[in-house]
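Scroll down for the structure; my scribbles are underneath it.
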Protein chains: 2
Amino acid sequence: MKEEFKTIEDVKRYLDERGINPSYQRLKIYEWLLNNRTHPTVESIYKALLKEIPTLSKTTIYNTLNLFQQHGLVNALTIEENEVRYDINTEPHSHFKCKVCGKVIDLPIPRKLDVKELIPEEVKSNKIEEIHIYYKGKCADCA
Amino acid sequence: MKEEFKTIEDVKRYLDERGINPSYQRLKIYEWLLNNRTHPTVESIYKALLKEIPTLSKTTIYNTLNLFQQHGLVNALTIEENEVRYDINTEPHSHFKCKVCGKVIDLPIPRKLDVKELIPEEVKSNKIEEIHIYYKGKCADCA
DNA sequence: ATCATTGCAAACACTTTGCATACGC
DNA sequence: GCGTATGCAAAGTGTTTGCAATGAT
């Protein structure tokens with residue numbers, strides 16, 4: 001994400017450009033994702049926005065995230081069983097999940113690493129489209 | 001897994017050594033995982049074994065896999081949302097999932113790669129215990 | 001007035017839990 | 001006979017679907 005979204009108008013334009021009807025709920029959800037880069041679950045997005053939009057339903061969150069995903073605006077993250085987390089689509093990066101507090105942190109792909117090095121020879125016959133790397137361990141706070 | 005399990009007795013001994021009561025069902029499940037390294041879901045294990053053990057219940061599969069997991073005998077794989085796959089615990093390796101047919105293939109960690117290179121500098125303050133790499137794309141058969 | 005979006009309720013799929021039954025030593 | 005494993009049924013989660021109500025142009 002190179003752009004900076006300073007106002008809700010910026011977000012509106014961003015969705016508009018991508019052919020996504022910028023409804024109130026969609027704007028709010030996208031805006032919230034931008035301001036809370038915590039790899040939230042549907043549950044946490046819902047809880048957070050319910051304060052602002054008391055009529056909000058989880059269905060709308062699901063619908064919206066699926067829509068965003070189809071348009072490449074968010075990534076679905078599956079580090080752990082039974083919980084899907086969402087990520088605003090950005091530069092390629094990896095994730096670290098703390099086994100103690102459950103926090104998920106963005107990490108860069110190691111600088112030295114040419115992504116091509118990550119592809120084992122044995123896979124040549126298969127066409128790789130995505131590479132995902134994630135780490136698990138104890139975060140600085142929980143160590 | 002260096003060992004080769006040629007007979008059910010080998011599997012029995014293996015579980016015995018690890019303090020796991022080698023019940024009929026557990027043996028069968030472990031044996032089946034050894035002979036079918038296809039990263040199966042609970043559903044597919046269940047369906048396959050039901051032919052041999054008509055009284056088998058899914059609960060037993062769940063119980064057994066959780067038990068095995070606690071003892072490090074199997075890994076739970078979460079490449080895709082909403083499906084947990086199981087893997088007999090082996091040397092570190094990565095996975096490739098075909099987006100078309102859904103097949104999951106084992107891949108080695110690229111030979112040239114020292115695992116340390118995979119750790120970004122930014123993560124120094126966090127204690128990394130596991131590294132997971134997976135790929136998605138089109139497999140040779142579906143290309 | 002029309003068409004899309006929202007949101008409730010019900011349906012689904014996957015997994016865990018409670019508990020009575022069956023099994024093995 | 002006792003302690004564990006099994007397996008049914010019910011409960012719990014997370015997600016999707018059907019559809020009527022609402023909202024925007």
Between Lys12(A) and Glu9(A), is there a side-chain N and carboxylate O pair less than 4.0 Å apart? no

In Asn75(B), Leu73(B), Ile88(B), the residue satisfying side chain to side chain contact (heavy atoms under 4.5 Å, CB included) with Phe68(B) is Leu73(B)

Figure out the OH/C1' separation between Tyr30(B) and dA5(D), and round it to whole Å. 20 Å

Salt bridge between Asp16(A) and Arg13(A), side-chain N to carboxylate O under 4.0 Å? no

Between dA24(D) and Ser23(A), is there an OP1 or OP2 to side-chain N/O distance shorter than 4.0 Å? no

Please give, in whole Å, the distance from dC12(C) C1' to Glu43(B) CD? 14 Å

When you match Thr59(A) and Leu67(A) each to their closest nucleotide on DNA chain C, which lands nearer the 5' end? Leu67(A)

Take His95(B) and Ile105(B) through the test side chain to side chain contact (heavy atoms under 4.5 Å, CB included) and record every step on the way to the result. CA-CA 6 Å; His95(B) 294 100; Ile105(B) 304 170; over 6 Å; no

Between dT22(D) atom P and Ile53(A) atom CD1, what is the distance in whole Å? 18 Å

Between atom OH in Tyr46(A) and atom C1' in dT6(C), what is the gap in whole Å? 13 Å

Whole-Å distance between dT5(C) P and Asn66(A) CG? 14 Å

Looking at dT15(C), I'd like to know if its phosphate oxygens (OP1 or OP2) sit under 4.0 Å from a side-chain N or O belonging to Tyr62(B). yes

Interatomic distance, Lys58(B) NZ vs dA10(D) C1' [rounded to whole Å]: 15 Å

Students often get this wrong, so: under 4.0 angstrom with heavy atoms, is Thr55(A) touching a base, only sugar-phosphate, or nothing? sugar-phosphate

Check whether Tyr14(A) forms a cation-pi arrangement with Arg18(A) (NZ or CZ under 6.0 Å from the six-membered ring centre, at most 45° off the ring normal). yes

Is the distance from OP1 or OP2 of dG7(C) to the nearest side-chain N or O of Thr60(A) less than 4.0 Å? yes

What is the distance from NZ of Lys12(A) to C1' of dA24(D), rounded to the nearest Å? 12 Å

Under-4.0 Å side-chain N/O to phosphate OP1/OP2 contact, Gln25(A) with dG23(D): no

Should Asn63(B) be listed as having a side-chain N or O under 4.0 Å from OP1 or OP2 of dT16(C)? no

In whole Å, what is the span from the OH atom of Tyr24(B) to the P atom of dG24(C)? 11 Å

